[in-house]
Amino acid sequence: MPESKTFETSAAAFASGAGQALTSVYVVVLIGTYIGLGALAHDVGLSSTWMMASTVIVWAGPAQLIIISAIGTGGSLIEVALAVTLSAMRLFPMVVALLPMMRRPGSRLPEMLLPTHFTSISMWIESLRLLPHVGREHRLAFCNGLSSGYMATAVVAGYVGYYLAAGLPPLLASILLFLTPLSFFLSTVNNARQVVEKIALVLGLALGPLLAYWQVELDLLWTGVIGGSIAYAFGRYRRRTS
Amino acid sequence: MKEAMVSLGPYFVLILVGFLPNEIWRLVGLVLARGLNEESELVVWSRMVAIALLAGVIAKLILFSSGELAGVPTPVRIGAAVIAFAAFMAVNRSVFVGVLAGEVALLAGAAWYTP
């Protein structure tokens, strides 16, 4: 959807968003990820209803992976809650960057609750790419449609994975696991059109593993703050001098 | 966790250690974003931080894999990511083609290393 789109009604915008979700590469990614998570939930003895509920109310792959594996391997409630909250910090700058794209004069806070809850990596990447081509008055509906499409896919894939659990061959399992980093990698490269975005991307790719290797605490948080701030400072400097 | 699942119930545990510690950061973002527009310095900075953080997550997932993917040698995983990037650039910046090429490369590399 490279050219601009206008819609007659909010319902049409919602439907277009959902359609966009179901035809994007992330559908494959979500299916792969959630088949894996569903299989894991089965192996640690959770119910398929619990698995689907966790997808709807948590809606974050890394956090779900932490909870489900902790139920399998042990760990205290506090430890798990801490690990989940550390993994979830990434959501905060994403929400701050995303919501202003959807706001229009007269927008109310309650309408923003749904896209706030829907914010996840796949939805964020696609929204930043697609929303500029959607009329501002329909961006909220479009984004909710897009997110609903993704969430529905993930719920169904988690359910399927739960019942497929017995015997995913190791090679297939590794291919499914590789889908997530690979697709996020190429999509962020695809989205990083401005020089500052490219700088943030390259710094993040380098700093993430480096800080983890040095065993810096809160490595990902520092990766974001350091890499992002350098890119931001470069952008400001360029705006000043040009 | 096991005892808590029994004593508190699986859904209460889900809300306590899953929903609340995760959702709090989304709500912090919601509150902070109030009244800001797309050109606000805080919004621009947040976008840069989110991109760098996301890139860090991606690089860590490829270099320090877990589960079955950890069984594939690291050079194969890095090589597959590089091939995916090359295919993506070569074929009209298509994410789909890139992902496909990367997965095929991973499969070929894993098969090559496995006797």
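Each chain gets a letter, A, B and so on, in the order the sequences are listed, and its residues count up from 1.
- Using a 4.5 Å cut-off between heavy atoms, T188(A) touches chain B through its side chain atoms alone.
- Of the charged side-chain nitrogens involved, none lies within less than 4.0 Å of a carboxylate oxygen, so that E38(B) and R104(A) do not count as a salt-bridged pair.
- Interface remark: A63(A) contributes side-chain atoms only to the contact with chain B (heavy atom separation under 4.5 Å).
- A 4.5 Å side-chain heavy-atom check between L32(B) and F92(A) finds at least one atom pair inside the cut-off.
- Contact of L171(A) with chain B is made through the side chain alone, with heavy-atom distances under 4.5 Å.
- A distance of 8.0 Å separates CD1 of I78(A) from CG of L16(B), quoted to the nearest 0.5 Å.
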- Query: Can you check side chain to side chain contact (heavy atoms under 4.5 Å, CB included) on V58(A) and E23(B), steps first, answer last?
  - Reply: CA-CA 7 Å; V58(A) 179; E23(B) 201 73 2; over 6 Å; no

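- Taking a 6.0 Å sphere around CZ of R238(A), one finds it holds 12 or fewer heavy atoms contributed by other residues, nucleotides or ligands.
- Of the possible donor and acceptor atoms, one in the side chain of W50(A) sits under 3.5 Å from a partner among the backbone N and O of P10(B).
- The local environment of CZ in R240(A) is sparse, with at most 12 non-hydrogen atoms from other residues, nucleotides or ligands closer than 6.0 Å.
- With a 6.0 Å radius and a threshold of 12 heavy atoms from other residues, nucleotides or ligands, R193(A) has its CZ atom above the threshold.
- Residue with the most contacts toward chain A among A55(B), A81(B), G98(B): A55(B) (heavy-atom pairs, distance under 4.5 Å).
- The side-chain heavy atoms of L20(B) and V84(A), taken from C-beta on, include no pair separated by under 4.5 Å.
- Nearest heavy atom pair, residue G102(B) against residue F178(A), reads O-CE2, 4.1 Å.
- Options G235(A), S229(A), A231(A) differ in how many heavy-atom pairs under 4.5 Å they form with chain B, and the most are formed by S229(A).
- Heavy atoms closer than 4.5 Å to chain A are found in both the backbone and the side chain of V99(B).
- Taking both residues in full, the closest heavy atoms of A33(B) and P100(A) are given as CB-CD, 4.4 Å, listed atom of the first, atom of the second, then distance.
- Heavy atoms closer than 4.5 Å to chain B are found nowhere in L98(A), neither backbone nor side chain.
- N22(B) has its side chain out of reach of T85(A): every pair of non-hydrogen atoms, C-beta onward, lies at least 4.5 Å apart.
- To the nearest 0.5 Å, atoms CG (L179(A)) and CG (L61(B)) are separated by 12.0 Å.
- When all heavy atoms are compared, the tightest approach of L220(A) to L53(B) is O-CG, 3.5 Å.
- Of all the listed residues (I15(B), I51(B), L42(B)), the one sharing the greatest number of non-hydrogen pairs under 4.5 Å with chain A is I51(B).
- Contact annotation for R90(A): both backbone and side-chain heavy atoms come within less than 4.5 Å of a heavy atom of chain B.
- For F64(B), the part lying under 4.5 angstrom from a heavy atom of chain A is the side chain only.
- Within 6.0 Å of CZ in R136(A) there are more than 12 heavy atoms belonging to other residues, nucleotides or ligands.
- Options A50(B), G29(B), A80(B), P21(B) differ in how many heavy-atom pairs under 4.5 Å they form with chain A, and the most are formed by P21(B).
- Counting heavy atoms from C-beta on, the side chains of R26(B) and M94(A) never come closer than 4.5 Å.
- Between chain B and the residues L46(A), N190(A), L203(A), V202(A), the most heavy-atom pairs under 4.5 angstrom are made by N190(A).
- Using a 4.5 Å cut-off between heavy atoms, I226(A) does not touch chain B at all.
- Both the backbone and the side chain of E103(B) come within contact range of chain A, with heavy atoms under 4.5 Å apart.
- Taking A52(B), S40(B), A110(B), S94(B) one by one and counting their heavy-atom pairs under 4.5 Å with chain A, the maximum is reached by A52(B).
- From K60(B), atom NZ reaches atom CG of L207(A) across 12.5 Å, with rounding to the nearest 0.5 Å.
- In this structure, R47(B) and W124(A) have side chains that are in contact, with non-hydrogen atoms separated by less than 4.5 Å.
- Between G18(B) and I67(A), the shortest heavy-atom contact is CA-CD1, 3.4 Å.
- The most heavy-atom pairs under 4.5 Å with chain B, out of A200(A), S183(A), S87(A), come from A200(A).
- The minimum heavy-atom distance linking S54(A) with L14(B) is given by the pair CB-CD1, 3.5 Å.
- For chain A, the nearby parts of L30(B) are the backbone and the side chain; heavy atoms of each come within less than 4.5 Å.
- Taking chain A as the reference chain and counting heavy-atom pairs below 4.5 Å, the highest number among V44(B), L54(B), V28(B) is found for L54(B).
- Among V189(A), N191(A), L182(A), L186(A), the single residue meeting the side-chain contact (heavy atoms from CB on, under 4.5 Å) criterion with V95(B) is L186(A).
- Contact annotation for V13(B): only side-chain heavy atoms (C-beta onward) come within less than 4.5 Å of a heavy atom of chain A.
- Top candidate by heavy-atom pairs under 4.5 Å with chain A, chosen from V72(B), L63(B), I24(B), L107(B), is L107(B).
- By number of non-hydrogen pairs under 4.5 angstrom with chain B, the leading residue of G208(A), A88(A), P115(A) is A88(A).
- A heavy-atom distance below 4.5 Å is found between the side chains of L27(B) and L113(A).
- In this structure, CE on M101(A) lies 12.0 Å from CG on N37(B), to the nearest 0.5 angstrom.
- Separation of atoms CZ (F185(A)) and CZ (F88(B)) is listed at 9.0 Å; rounding is to 0.5 Å.
- Side-chain atoms of I230(A) and M48(B), non-hydrogen and from C-beta on, never get closer than 4.5 Å to each other.
- Formation of a donor-acceptor pair under 3.5 Å by the R236(A) side chain with backbone atoms of E41(B) is not found in this model.
- Within the 4.5 angstrom heavy-atom criterion, atoms from both the backbone and the side chain of T49(A) approach chain B.
- For a residue to count as touching a neighbouring chain, one of its non-hydrogen atoms must lie under 4.5 Å from one of that chain's; by this rule A84(B) touches chain A with backbone and side chain alike.
- Ranked by heavy-atom pairs shorter than 4.5 Å toward chain B, the options G228(A), G224(A), S24(A) are led by G224(A).
- Top candidate by heavy-atom pairs under 4.5 Å with chain B, chosen from M112(A), E197(A), Q64(A), is E197(A).
- The shortest non-hydrogen separation linking A59(B) to P209(A) is CB-CG, 3.5 Å.
- For the atom pair CD1 (I57(A)) and OH (Y11(B)), the distance works out to 9.5 Å, reported to the nearest 0.5 Å.
- Proximity of L77(A) to L8(B): side-chain heavy atoms (C-beta onward) are separated by under 4.5 Å at one or more points.
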